[in-house]
Amino acid sequence: MSSRGSDGEASASEPELVNLDPTTTAVVRGVVPMADLRDFFDASFGALARTIGAQRITVLSPAFGLYHGSPEETLDLEVGFVTDRAVRPEAGVVVGSLPGGPVARLTHFGSFDGLGSSWDRLGSWMRERGLSAGEDRWETYVTKPSPDMDPRDLRTELNWPVTD
C-alpha cells in the first residue's frame, strides 16, 4: 500500500513488524566512500553474476545491500542475493547471511534519493513502539533499476532488525 502523494514524490508503505528466518547469501563486502557507492554496486553485481552463474547457484531474492553500523563518510556494506546454498569464495564473492528474527519493515516507493527519509520514518516508528534497532540493516531492491525507467517506479524494501 503506497502513500505516494499526488505530486509524485517518493513515499513509503506503513511500517510493520515481521518475523524472518535467517538466510544464506552470496555477497561482495567492502568499506566504500559514499561517492563510490554506485560503482561498488555495479562492480559487485558483475562479480556476483559471474560467480553465481559459474557455480550454478540459484538466486532466491532480488538484490540487497546490507549496511553494517551507521553511515558515515564511508559505508561498510555487503551487496548480494539470497541463494539456495553457500557460494565457494571466488573473485571477491563470499558467503554471507541475513539475520532471522523480528524485523521492522517498510517499502519505499520512488527514487533512491528519498531513502534517507524512509529510513528516518522507520526508525521513528520503531522508537514510538519501544523497539530497539539492531546495528545492521538492509535494503532489498524489489524493482531492478534500469537507465530508462521512471525513478518513481522503484520499490525498495527497508529491513531493520529489532534487538531485545
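What's counted below: heavy atoms across the whole structure, side chains too, no hydrogens, waters or symmetry copies.
Between the Arg56 side chain and the Ile52 main chain, no donor and acceptor come within less than 3.5 Å of each other. With hydrogens and angles disregarded, no donor-acceptor distance shorter than 3.5 Å links the side chain of Thr25 to the backbone of Val27. Within the 3.5 Å criterion, the main-chain N or O of Asp113 finds a donor-acceptor partner in the side chain of Ser111. Between the side chain of Thr156 and the backbone N or O of Glu139, no donor-acceptor pair lies under 3.5 Å. Under the 3.5 Å distance criterion, the side-chain polar atoms of Thr74 are left unmatched by any main-chain donor or acceptor of Pro33.
For the pair Leu77 and Leu37, the minimum side-chain heavy-atom distance is below 4.5 Å. Looking at Leu60 and Thr58, their side chains come closer than 4.5 Å, going by heavy atoms from C-beta outward. Between Leu106 and Glu16, every side-chain heavy-atom pair lies at or beyond the 4.5 Å cut-off.
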Exercise for review: For Val82 and Leu98, run side chain to side chain contact (heavy atoms under 4.5 Å, CB included): C-alpha distance rounded to whole Å, both residues' side-chain angles, the deciding distance at 0.1 Å, then the answer.
Suggested key: CA-CA 8 Å; Val82 174; Leu98 291 176; 4.0 Å; yes

Point to revise | Intermediate values then yes/no, side chain to side chain contact (heavy atoms under 4.5 Å, CB included), Phe81 and Phe45 | key: CA-CA 9 Å; Phe81 299 94; Phe45 290 139; 4.1 Å; yes

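Atom CZ of Arg155 is separated from atom CZ of Phe109 by 6.0 Å, given to the nearest 0.5 angstrom. Between the CG atom in Leu66 and the CG atom in Leu75 there is a gap of 11.5 Å [rounded to 0.5 Å]. The distance from atom OG of Ser70 to atom CG of Asp76, rounded to the nearest 0.5 Å, is 11.5 Å. With rounding to the nearest 0.5 Å, the separation of CG in Leu17 from CG in Leu131 is 6.0 Å. Leu154 contributes atom CG, which lies 6.0 Å from atom OG1 of Thr143 (distance to the nearest 0.5 angstrom).
Ring orientation note: the planes of Phe112 and Tyr141 are nearly perpendicular, at an angle over 60° on the 30°/60° scale.
Judged purely by distance below 3.5 Å, without hydrogens or angles, the side chains of Ser124 and Arg127 pair a donor atom with an acceptor atom. Counted by atom type alone, Ser118 and His108 present one or more donor-acceptor pairs between their side chains at under 3.5 Å.
Within the cation-pi definition used here (under 6.0 Å to the ring centroid, within 45° of the axis), Arg105 does not qualify as a partner of Trp160.
Among all heavy-atom pairs drawn from Leu48 and Ala26, the shortest one is CD2-O, 3.4 Å.
Taking a 6.0 Å sphere around CD of Glu128, one finds it holds more than 12 heavy atoms contributed by other residues, nucleotides or ligands. Within a 6.0 Å radius of CZ in Arg88, other residues, nucleotides and ligands contribute 12 heavy atoms or fewer.
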